[in-house]
Amino acid sequence: MKQIYFYDENKKFISYDVIDDAAEVPANATTVEPVDSNGVGLYDPTWNESTHSWDSLTEEEWKKKHTVPEIKPEPTQEEQATAQQMLLMADLQNKVDTLTDTVDEMTKSNQQINASLAQIMLQNATNAENGGK
């Protein structure tokens, strides 16, 4: 049994198969394995009739040929409007939180002032009962 390597009408490698040793190799195939001198597979191998060998792209050429550029979709107007609303809501929530903190601080301060005022009034009332002594 021998392995054969098929190529298409453009001489590009497409597949391999095993045939009987006595069988004739088809016209669109070869017994030459599409590997380099180190036995490493080739990049996009193409059969070269004149040299009876496989030609290969370099790794860089192959990557350039097969790299799909990343497409970053543009947000729709609705998505942009939603994002803008989310930013506004976050800003408003931040302002509400700040105002709530300020009101809490003012309430505590007001309670302290009222307590101090109550002490002063009590002291004044005590002083008045004792005749100002």
Side-chain angles (χ1 to χ4, degrees):
M1 301 297 275
K2 60 184 168 185
Q3 198 156 6
I4 58 171
Y5 304 90
F6 290 96
Y7 48 87
D8 63 16
E9 64 276 356
N10 297 316
K11 308 293 185 203
K12 297 288 184 186
F13 171 79
I14 52 173
S15 67
Y16 66 93
D17 201 356
V18 177
I19 61 173
D20 189 82
D21 286 334
E24 188 176 324
V25 176
N28 66 330
T30 180
T31 57
V32 178
E33 189 176 5
V35 295
D36 66 14
S37 58
N38 297 318
V40 177
L42 302 176
Y43 289 96
D44 206 8
T46 304
W47 181 246
N48 186 328
E49 290 280 349
S50 61
T51 61
H52 292 283
S53 64
W54 292 98
D55 293 333
S56 175
L57 296 177
T58 65
E59 181 179 0
E60 294 77 24
E61 290 170 332
W62 186 88
K63 284 180 179 178
K64 186 175 180 179
K65 181 178 178 181
H66 294 284
T67 300
V68 177
E70 183 180 341
I71 298 173
K72 296 182 181 179
E74 287 292 320
T76 64
Q77 286 184 341
E78 183 178 325
E79 290 171 330
Q80 290 177 356
T82 300
Q84 191 66 28
Q85 286 177 340
M86 290 173 69
L87 287 172
L88 288 171
M89 290 296 292
D91 184 53
L92 286 172
Q93 185 62 52
N94 188 29
K95 288 177 179 175
V96 166
D97 292 345
T98 300
L99 286 172
T100 300
D101 291 345
T102 302
V103 168
D104 288 347
E105 288 176 21
M106 291 176 77
T107 300
K108 287 178 189 174
S109 178
N110 196 24
Q111 288 172 346
Q112 289 173 347
I113 291 170
N114 285 340
S116 296
L117 184 57
Q119 281 183 332
I120 291 170
M121 289 173 69
L122 180 61
Q123 185 65 43
N124 284 343
T126 304
N127 286 344
E129 283 180 6
N130 292 332
K133 297 181 184 175

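Since we're looking at a predicted model, the values are computed, not measured.
Separation of atoms CG (Leu99) and CG (Asp104) is listed at 11.0 Å; rounding is to 0.5 Å. How far CD of Gln80 is from CD of Glu74: 7.5 Å, rounded to the nearest 0.5 Å. In this structure, OG1 on Thr126 lies 11.0 Å from CD on Gln119, to the nearest 0.5 angstrom. Note that the CG atom of Leu117 and the CG atom of Asn110 stand 10.0 Å from one another [nearest 0.5 Å]. Atom OG1 of Thr58 is separated from atom NZ of Lys64 by 10.0 Å, given to the nearest 0.5 angstrom. Here the CG-CG distance, from Asp55 to Asn48, works out to 4.5 Å after rounding to the nearest 0.5 Å.
Connection of Val35 to Phe13 is not established within any shared hydrophobic cluster, with ILVMFWY side chains joined at heavy-atom distances below 4.5 Å, either directly or through further cluster members. Clustering ILVMFWY residues whenever any of their side-chain heavy atoms sit less than 4.5 angstrom apart, transitively, puts Leu42 in the very cluster that holds Val32. Follow the hydrophobic side-chain contacts under 4.5 Å out from Tyr7 and you reach Tyr16 in the same cluster.
A donor-acceptor contact shorter than 3.5 Å links the side chain of Thr98 to the backbone of Asn94.
Within 6.0 Å of the CE atom in Met121, the count of heavy atoms belonging to other residues, nucleotides or ligands does not exceed 12.
The minimum heavy-atom distance between Trp54 and Lys11, with the atom names listed, is CZ3-O, 4.0 Å. The shortest heavy-atom contact between Pro73 and Ile71 is CD-O, 3.3 Å.
Shown here are the side chain to side chain donor-acceptor pair (under 3.5 Å) partners of Asp44, two or more places apart in sequence or in another chain: Lys65.
Here the side chains of Glu59 and Lys63 are in contact, with some heavy-atom distance below 4.5 Å. Here the side chains of Tyr43 and His66 are not in contact, with every heavy-atom distance at 4.5 Å or above. The side-chain heavy atoms of Lys12 and Trp47, taken from C-beta on, include no pair separated by under 4.5 Å. Contact annotation: the side chain of Gln3 never approaches that of Asp17 to less than 4.5 Å [non-hydrogen atoms, C-beta and beyond].
Salt bridge present: Lys95 and Asp91 bring a charged side-chain N and a carboxylate O closer than 4.0 Å.
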Inset, instruction - Evaluate the side chain to side chain contact (heavy atoms under 4.5 Å, CB included) criterion for residues Met1 and Asp20: first the C-alpha distance (whole Å), next the side-chain angles of each, then the deciding distance (0.1 Å), finally the verdict. - result: CA-CA 4 Å; Met1 301 297 275; Asp20 189 82; 4.2 Å; yes
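Here side-chain hydrogen bond (donor to acceptor under 3.5 Å, both in side chains) pairs that include residues 24-42, with residues two or more places apart or in two chains, number zero.
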